[in-house]
Amino acid sequence: MKDIPTKYSPAEVEGGIYKLWEKNGLNRARPDSGKPSYSIVIPPPNVTGILHMGHALNNTIQDILIRWKRMQGHETLWMPGTDHAGIATQNVVERKLAGEGLKRTDLGRDKFLEEVWKWKEEHGSTIIRQLKSLGCSCDWDRTRFTMDEGLSNAVRKVFVKLYEDGLLYKGDYIINWCPRCTTALSDEEAEHREVLGMLYYIKYPVKGREKLEKANEDFVVVATTRPETMLGDVAVAVSPKDPRYRHLEGKKLLLPILGRELDVIFDESVDPEFGTGALKVTPAHDPVDFEMGSRHGLERLNVMGPDAAINDLGGDYEGMDRFECREAIIEDLKQRKLFVRAEEHHHAVGHCYRCHTVVEPRLSKQWFVRMKPLAGEAIKVVKEDRVRFYPPRWSKVYLNWMENIRDWCISRQIWWGHRIPVWYCRDCFGSADVRDIAVDAPGKAGIVVGEAPSECPVCGSASMEQDPDVLDTWFSSWLWPFSTMGWPEKTGELEYFYPTDALVTAQEIIFFWVARMIMSGLYFMGDIPFRDVYIHGTVRDATGTKMSKSLGNVIDPMDVIREVGSDALRYSIISITSQGQDVFLSKEKFETGRNFANKLWNASRYVLMSSGEKARGELPGENALTIADKWILSSLAGTVGAVNESLEAYRFNDAASSLYEFIWHKYCDWYLEISKFAENREAVDNILVLVLGECLKLLHPFMPFITENIWQNMPGKDRGCLMTAGWPEPLRGLADDGSVPSMEKIIGLITSIRNVKAFWNIPNSGEVEALFLTDTEEEAVLIGDNRIYLEKLAGCRVLEAGTATERPSRSVSALSGKIRIFVPLGGSIDIDKEKDRIGKKLGEMENYLKSIEKKLSNRSFVSKAPAEVVEKEKAKKDKFEISIRNLKENLASLE
RNA sequence: GGGCGCGUAGCUCAGCUGGUUUAGAGCGCUACCCUUACAAGGUAGAUGUCGUAGGUUCGAAUCCUACCGCGCCCACCA
């Protein structure tokens with residue numbers, strides 16, 4: 001025992017502790033335990049990803065909840081897993097292949113997928129391992145992956161059900177297209193970023209006018225940010241209310257360079273104020289134009305290929321990249337005197353959320369889910385508080401999105417993911433590319449949705465071709481709360497653990513995931529997927545920038561764990577994240593947790609070395625308790641209550657600081673010091689061990705490793721694991737006999753005396769004498785009975801305590817509450833210094849007293865304020881008057 | 001264009017269902033201490049017109065309005 005080092009070394013204990021838990025199967029959830037259930041849905045991290053600070057924060061919060069509930073006696077399920085992250089993972093593997101000089105098309109679909117699975121086998125367990133070193137007490141036996149057989153089955157079932165219910169369709173729409181990933185993206189996957197671009201003004205000649213002289217007569221000026229899309233223009237639109245263009249009705253314009261004839265159309269959606277009030281219409285490359293094109297029956301000319309290079313409709317520009325083409329077109333327009341000017345223009349441009357390439361709005365045939373029918377219930381459950389957001393403001397964000405919901409583009413032109421379970425009959429559809437076959441209603445002939453058919457139900461042909469696309473990764477994630485529990489089977493897990501209790505996630509994932517899970521839960525399970533949604537802040541660096549690999553400002557949680565340990569990481573990050581506020585991190589912030597862990601370590605070391613061998617932490621009989629004992633026990637009870645209250649309200653930092661305050665500033669600073677000179681050794685040893693044990697329990701959800709480690713070193717054979725020890729009860733039923741205020745008075749006296757000593761430069765180890773003038777006889781007795789505290793902790797000898805104590809000559813004085821303290825200083829007293837000290841204090845107090853008096857003399861205050869507030873104010877006044885009188889007497893006695 | 005968050009000690013932030021806090025914590029700073037658990041420590045101390053200006057109220061860091069600075073999210077102004 002004596003060999004325990006004075007520095008806590010997490011690296012030496014954490015791994016072993018985790019093995020201990022796993023060996024005992026402590027994180028396994030049993031749906032048949034009969035206990036109340038508590039379950040959490042883990043936001044599945046990317047299978048090939050690695051742990052970043054956001055994960056660390058997110059999973060620490062979840063682990064706190066799970067450990068807390070487990071100790072409270074709930075049967076807890078924290079189901080871990082990873083998602084296949086279609087685009088991201090495919091990109092990673094493609095990059096690896098590129099290093100070998102290969103493209104995915106060189107391998108072919110099957111071979112490529114083999115490569116991805118291989119990659120997944122090699123790298124997929126990294127994040128799981130990292131979550132374990134963070135201390136996460138997930139039920140690892142139930143680890144799920146979105147492409148597991150069970151989850152894939154759920155995806156197919158859901159696809160079929162949506163199809164049969166008329167909620168799926170495949171058709172031509174403008175979608176967000178990433179030319180680098182060569183796939184469609186959902187609206188949420190296109191991140192809009194404000195950029196400084198150019199707005200180009202271009203002349204479109206009026207047909208039949210050879211000269212380009214008079215604006216609006218000979219030509220119309222059109223403004224655009226993407227001149228390259230003019231290759232796909234089919235019209236120019238103006239507002240019907242715009243007098244400038246009314247005369248153009250029935251006229252034709254000529255598309256610059258290509259010379260195609262364009263109609264002039266009149267549409268309400270054109271804003272006459274913007275640009276020139278004339279808008280070029282490109283239905284295949286812009287969502288607004290697409291809508292307009294549909295209204296006016298315009299042709300849709302798609303002028304770009306999948307890589308956003310200009311296709312054969314682009315004439316001489318064929319083969320050029322879109323941005324290259326932009327430059328070339330501007331140049332050609334200038335040559336032809338059709339270019340007017342370019343001005344700087346701020347606008348939001350979509351970027352691919354995986355590779356950050358500028359997204360191209362592009363006409364394309366894709367699968368969509370009709371969302372409006374799913375949104376209704378999802379709005380209701382939040383409005384009715386059946387699903388609650390913490391902090392509540394996020395429900396507004398959620399509702400705003402839900403009320404304006406748009407259809408979800410779910411098909412992706414990549415290979416890694418759940419392939420769309422739709423087969424088309426080659427014979428029924430002839431040679432058409434199956435991608436181009438529209439599916440606008442359920443039951444279309446020649447199409448089979450669900451399992452691979454052996455033949456076409458219409459013509460009997462055996463030549464069926466599966467849709468080449470895969471589904472959006474979120475199409476499997478949105479089923480996570482029930483697909484992981486075995487849905488569509490009616491499993492015991494679903495019965496017992498669904499709906500789950502809490503979802504902990506980051507703000508940026510509300511639309512991607514939270515909202516969609518609520519919709520899918522309600523639609524497929526008929527019930528909400530979770531009751532509480534806790535939205536934590538975003539982890540940023542010290543300057544407020546979001547941490548990201550590409551910016552190079554990340555702090556790797558694994559580095560932090562190596563340096564200070566998981567517990568320190570967890571405690572630090574939790575203590576700086578107040579509800580829903582962003583977390584600003586720097587390496588120094590982890591010192592808080594490291595120091596706290598070390599403090600706990602050393603306090604435990606002391607308790608176990610000096611007393612723990614015999615003491616078992618039993619509460620001594622009430623008669624054996626000192627005021628200090630009762631004070632620490634009562635304070636512990638208060639802390640239990642505070643921690644519970646904070647955790648119930650998802651105020652993790654509050655819970656953490658309550659524990660910090662109690663353990664450090666009450667248990668260590670005071671009780672441990674007091675214990676060193678306690679008379680009843682046996683009683684105090686038991687209380688030391690008892691309080692330590694309760695502290696370990698309360699702290700365990702926050703710092704699981706160190707607390708379990710200390711727990712395992714505490715005496716007592718049948719302790720078992722702290723991880724499954726019972727959570728402390730709020731109160732231990734101690735009689736309220738005034739011990740707590742008495743102890744607080746003693747603490748106040750000690751502080752005052754220390755203060756005097758510091759002011760007069762008396763070393764803390766040096767002894768002084770002290771006399772006490774009290775208001776009441778009880779206080780004098782209290783001091784007399786507890787003189788040992790003053791002597792040991794303030795380093796003073798108590799000479800006298802009573803209501804008639806006289807101030808000795810050549811002494812300085814202090815005040816604690818209403819008790820006056822005199823400390824004789826013999827010849828060393830510097831009267832001027834003392835006068836100055838008292839004078840300053842007196843000034844402060846007189847000022848404050850004046851403000852109280854003013855308040856009390858205000859008739860409105862006395863008549864309108866609640867009686868207890870007035871009483872308090874009067875009590876304050878009394879206290880200050882006495883203090884001032886005392887100080888004046890002190891001053892007078894110096895004369 | 002809508003919506004949201006933040007501006008409190010040198011730094012990072014709590015507090016904000018108005019009055020028990022003469023505004024708190026951690027870090028940093030100052031002084032004294034290697035006191036037999038802990039120097040990653042102990043004791044004591046200094047530091048704030050609570051962004052600005054109004055308003056509501058007996059009373060506002062806390063509620064309302066406007067403004068000034070930051071930051072974020074959503075949105076089809078080309």
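Every chain is numbered from 1, with letters handed out A, B, ... down the list of sequences.
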Counterpart residues, salt bridge (Lys or Arg N to Asp or Glu O under 4.0 Å), relative to A:Glu767 (two or more places apart)
A:Arg797
Ion pair present between A:Glu873 and A:Lys877, side-chain N to carboxylate O less than 4.0 angstrom?
no
By side chain to side chain donor-acceptor pair (under 3.5 Å) - contacts of A:Trp408 (at least two apart)
A:Asp472
Where along residues 864-880 of chain A does a heavy atom fall under 4.0 Å from RNA chain B?
A:Lys864, A:Ala865, A:Pro866, A:Val869, A:Lys872, A:Lys876, A:Phe880
Where do N or O atoms of nucleotides 74-78 of chain B meet protein N or O atoms at under 3.5 Å, pair by pair?
unit_1	atom_1	unit_2	atom_2	d
B:C76	OP1	A:Arg406	NH1	3.0
B:C77	O2	A:Asp271	OD2	2.7
B:A78	OP2	A:His345	NE2	3.2
B:A78	O2'	A:Ala223	O	3.4
B:A78	N6	A:Asp271	O	2.7
B:A78	N6	A:Phe274	O	3.0
B:A78	N1	A:Asp271	N	3.3

Taking B:G10 as the reference, what is the distance to B:G42 when you measure between their C1' atoms (whole Å, please)?
24 Å
For A:Ile762, which residues count as a side chain to side chain contact (heavy atoms under 4.5 Å, CB included) partner, sequence neighbours excluded?
A:Lys757, A:Trp760, A:Val768, A:Leu825
Quick test of your reading: applying ring pair (Phe, Tyr, Trp, His ring centres under 6.0 Å), list the pairs with at least one residue in residues 861-883 of chain A, sequence neighbours left out, ordered by first then second residue.
A:Tyr848-A:Phe880
For RNA chain B, determine which residues of residues 840-860 of chain A have any heavy atom closer than 4.0 angstrom to one of its atoms, and list them numerically.
A:Tyr848, A:Asn858, A:Ser860
Ranges pairing with ranges for RNA chain B, where each run has three or more Watson-Crick or G-U pairs under 3.5 Å
B:1-7 with B:68-74, B:10-13 with B:24-27, B:29-33 with B:41-45, B:51-55 with B:63-67
Expressed as a whole number of Å, how far does the C1' atom of B:G54 sit from that of B:A75?
34 Å
Using the C1' atom as the point on both nucleotides, what is the distance between B:G18 and B:U56, in whole Å?
12 Å
OH of A:Tyr571 versus P of B:G26: gap in Å, rounded?
11 Å
Please give, in whole Å, the distance from B:C72 P to A:Arg193 CZ?
12 Å
Mind checking whether A:Tyr671 and A:Tyr667 have parallel, tilted or perpendicular rings, split at 30° and 60°?
parallel
Could you state the CD1-C1' distance from A:Ile555 to B:U12, rounded to the nearest angstrom?
13 Å
Say you pick atom C1' in B:G19 and the same atom in B:A61; how far apart are they, in whole Å?
13 Å
Taking the same atom, P, in B:C34 and in B:A25, what whole-Å distance lies between them?
27 Å
With a 4.0 Å cut-off, would you call A:Arg326 and A:Glu228 a salt bridge?
yes
Can you list the residues that meet the salt bridge (Lys or Arg N to Asp or Glu O under 4.0 Å) rule with A:Glu12, with sequence neighbours excluded?
none
Can a donor-acceptor pair be found between the side chains of A:Asp233 and A:Thr282 at a distance below 3.5 Å?
yes
Looking only at B:C58, B:G5, B:C73, the nucleotide nearest the A:Arg393 side chain is B:G5
So A:Phe511 and A:Trp401, would you call those rings parallel, tilted or perpendicular, with 30° and 60° as cut-offs?
parallel
Nearest-Å distance, CD (A:Glu591) to C1' (B:A25)?
16 Å
Answer with base, sugar-phosphate or nothing: what part of the nucleic acid does A:Arg651 contact at a heavy-atom distance below 4.0 Å?
sugar-phosphate
Does the protein touch nucleotides 29-44 of chain B at the base, only the backbone, or not at all? Give it as B, S and - per nucleotide, heavy atoms under 4.0 Å.
--------BB-BSSSS
Whole-Å P distance, B:C73 and B:G15
23 Å
Could you tell me how far apart A:Glu881 (CD) and B:U22 (C1') are, to the nearest whole angstrom?
15 Å
Reading RNA chain B from 5' onward, which residue's closest nucleotide shows up sooner: A:Asp582 or A:Val862?
A:Asp582
All side chain to side chain contact (heavy atoms under 4.5 Å, CB included) counterparts of A:His296, not counting sequence neighbours
A:Ile265, A:Asp267, A:Met292, A:Leu298
Return the value, rounded to whole Å, for the distance between atom CH2 of A:Trp394 and atom P of B:G3.
16 Å
Should A:Glu563 and A:Lys587 count as an ion pair when the cut-off is N to O under 4.0 Å?
yes
Does the pair A:Thr639 and A:Lys666 meet the rule for a side-chain hydrogen bond (donor to acceptor under 3.5 Å, both in side chains), with working shown?
CA-CA 11 Å; A:Thr639 305; A:Lys666 292 206 165 122; over 6 Å; no
CD of A:Gln581 versus C1' of B:G71: gap in Å, rounded?
11 Å
Residues two or more places apart in sequence or in another chain: which of them pass salt bridge (Lys or Arg N to Asp or Glu O under 4.0 Å) with A:Lys396?
none
Could you give the distance separating B:C50 and B:C32 at their C1' atoms, to the nearest angstrom?
33 Å
Looking only at atom types and distance, does a side-chain atom of A:Arg570 sit under 3.5 Å from a main-chain N or O of A:Ser566, one as donor and one as acceptor?
no
Cut-off 3.5 Å, side chains only: do A:Glu191 and A:Tyr353 have a donor facing an acceptor?
no
Flag for A:Ser9-A:Lys7: side-chain donor and acceptor within less than 3.5 Å:
no
Say you pick atom P in B:C13 and the same atom in B:A23; how far apart are they, in whole Å?
23 Å
